[in-house]
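Taking it in order: structure first as C-alpha cells, then the write-up.
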Amino acid sequence: MPELPEVETIRSGLEPIVGVEIRDCRVRRRDVVRDQWLDNSVHRRGPIEPGSLLVGASVVRLERKGKQLALIGSNGRVIVIQLGMSGQVGLTSATKIPNAKHVHIVWILRNGQRMFFRDTRRFGGIVLYRTLKAHEHAWSRLGPDALNISTKDLQRALSRTQRAIKVALLDQHLLAGVGNIYADESLFDAGINPFCISDALEHKQVVRLAGSIRKILARAIKARGSTLRDYRDTDAQPGSAQLEHMVYARAGQPCLVCGTTLRSTRMAQRITCWCPRCQPACTEQESE
DNA sequence: CGACCCCTGCGC
DNA sequence: GCGCAGGGGTCG
C-alpha cells in the first residue's frame, strides 16, 4: 500500500515519540521481525534482545528513505519499518489499542503512549540492526530518494536499464519511493508512455519526469497520502490524495484532460493505467 | 531479467 | 468462489 507520501506522513506523525523513553515492547508475532546480528545473519525466530527493540532507550531520530522508515535508537540500535501492502503504524494514548486484530508489535512509552505495528497481510515487517553502520549499509542499496530527485540523478538511474520506464520507476534500487500509484500518476503528468524504454528517453522527457515525480509526491504528502483501502496515518486517519488521481484505477474511464478512454495493462505483475493520447508511444514499442 | 510466492480481505 | 490489491524477496 504505502508509497513515499504515505510513509512520509507516518514519519511526521511519529515525531512526538522522539526523546521519549521506551518502557517495554511486546512482539505478538515473531515472524514479522527480522533480527540482524553483528555477524550479519538474519533471524526470524528465537528470542530478541529487548535493547534491539529500543526497550530502555529512546528514538533520537526518525528517517525515511523511499518507502522505508528508520527509528534511530539512543542505544545505537536501529529499527527499520517496512509497511508492505497493508502495514500501518499507529500512536495512541489509549491503554487498549483499538481494532487490535493484526497488531503484531506494541511499544509502550514512558509517557503512557503506545506505538504499534499492524499488518493484515504481513507482507511488511520490521528489521532490527545492531549498528547504525549496518542500517546505513542496507539503505545504501536503495536508489536515491524520489521526493527531491534531481534531473541528473534520475537520468543516471534510468540510464542503467533498458526496461520500460514504468517498470524502472518501481525498482527501488534505481529510485526509492515510487510505487504503482505514483508511477502511473507521474508518467501521466509528464506525458510519457509507460512502455517507453528508460535509457532511450530524451533529455527533455527526463527533465519533465523528474519535475512530475517531485510535484506529484509533494502534492500527495500535502493530502496526507492516498487511502484506497488500508492506509491510515498514525492517528488512524485516512489521506485524501486518491481524490487527485488522474489515471490510477481509472482504466476505461475518460481522461480528465482530453476525454480519451484510459487504457490499462499489466507490467511487472502490476496494473498500469495511461492515456493513449496524452502519453503517446515513444516509438512503435507500445504492445497490444 | 521475469516468474512466482508470501498473506488476508473485499467486491463482484 | 474468484480475482484482485499500495510491496518486495528469492529463485532459476
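What you see below is based on every heavy atom in this structure, not just the backbone, and it leaves out hydrogens, waters and symmetry mates. Quick note on labels: first sequence line is chain A, next is B, and so on, each numbered from 1.
Comparing the same atom, P, in C:dG3 and in B:dC4 gives a spacing of 15 Å after rounding to whole Å. Spacing of C1' atoms, B:dC1 relative to C:dG6, comes out at 24 Å, to the nearest Å. A distance of about 24 Å separates the P atoms of B:dG9 and C:dG9, rounded to the whole Å.
Here the straight-line distance linking atom CD1 of A:Ile197 with atom CG of A:Asp199 works out to 7.5 Å at 0.5 Å rounding. Rounding to the nearest 0.5 angstrom, the gap separating the CG atom in A:Leu187 from the CD atom in A:Gln205 is 10.5 Å. Here the straight-line distance linking atom CG of A:Leu228 with atom CE of A:Met85 works out to 10.0 Å at 0.5 Å rounding.
Listed in residue order, the members of residues 121-139 of chain A having a heavy atom less than 4.0 Å from DNA chain C are A:Arg121, A:Phe123. Applying a 4.0 Å cut-off to non-hydrogen atoms, the residues of residues 157-175 of chain A that approach DNA chain C are A:Gln172, listed by residue number. A heavy atom closer than 4.0 Å to some atom of DNA chain B occurs in A:Lys101, A:His102, these being the qualifying members of residues 97-107 of chain A.
Listed by chain and number, the residues in a side chain to side chain donor-acceptor pair (under 3.5 Å) with A:Gln36 are A:Asn40 (sequence neighbours excluded). Under the side chain to side chain donor-acceptor pair (under 3.5 Å) criterion, A:Glu49 pairs with A:Arg77, not counting sequence neighbours. Every residue was checked against the side chain to side chain donor-acceptor pair (under 3.5 Å) condition with A:Arg277, not counting sequence neighbours, and none meets it. When the side chain to side chain donor-acceptor pair (under 3.5 Å) test is applied to A:Asp31, the partners found at least two apart in sequence or on another chain are A:Arg29.
The closest side-chain heavy-atom distance from A:Val127 to A:His135 is not below 4.5 Å.
In this structure, A:Cys255 and A:Cys278 have their SG atoms no less than 2.5 Å from one another.
At the heavy-atom level, A:Tyr182 lies nowhere under 4.0 Å from the strands shown. In this structure, A:Arg29 reaches neither bases nor backbone, as no heavy-atom distance under 4.0 Å exists between it and the strands shown.
Heavy atoms only, all atoms of each residue included: A:Val206 and A:Leu154 are closest at O-CD2, 3.8 Å. A:His137 approaches A:Ser140 most closely through the heavy-atom pair O-OG, 2.6 Å.
In this entry the distance linking CD of A:Gln242 with C1' of C:dG6 reads 12 Å, nearest Å. Rounding to whole angstrom units, CZ of residue A:Arg266 and P of C:dG3 are separated by 12 Å.
Residues in residues 117-134 of chain A take part in these side-chain hydrogen bond (donor to acceptor under 3.5 Å, both in side chains) pairs, two or more places apart or across chains: A:Asp35-A:Arg130, A:Ser52-A:Arg130, A:Ser86-A:Asp119, A:Gln88-A:Arg118. Residue pairs satisfying the salt bridge (charged side-chain N to carboxylate O under 4.0 Å, His left out) criterion with at least one member in residues 89-113 of chain A, sequence neighbours excluded, are listed as follows: A:Glu21-A:Arg110.
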message: Show me the dot-bracket string of DNA chain B, counting Watson-Crick or G-U pairs under 3.5 Å, with | for pairs to another strand and [ ] for crossing ones.
response: ||||||.|||||
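Between A:Phe195 and A:Trp274, the ring center distance clears the sub-6.0 Å criterion.
When DNA chain B is scanned in the 5' to 3' direction for atoms under 4.0 Å from non-hydrogen atoms of chain A, the outermost contacting nucleotides are B:dC1 to B:dC10.
By the 4.5 Å side-chain criterion applied to Ile, Leu, Val, Met, Phe, Trp and Tyr, A:Leu174 is assigned to no cluster and stands alone.
Residues A:Lys166 and A:Asn180 have side chains that bring a donor and an acceptor to within less than 3.5 angstrom of each other.
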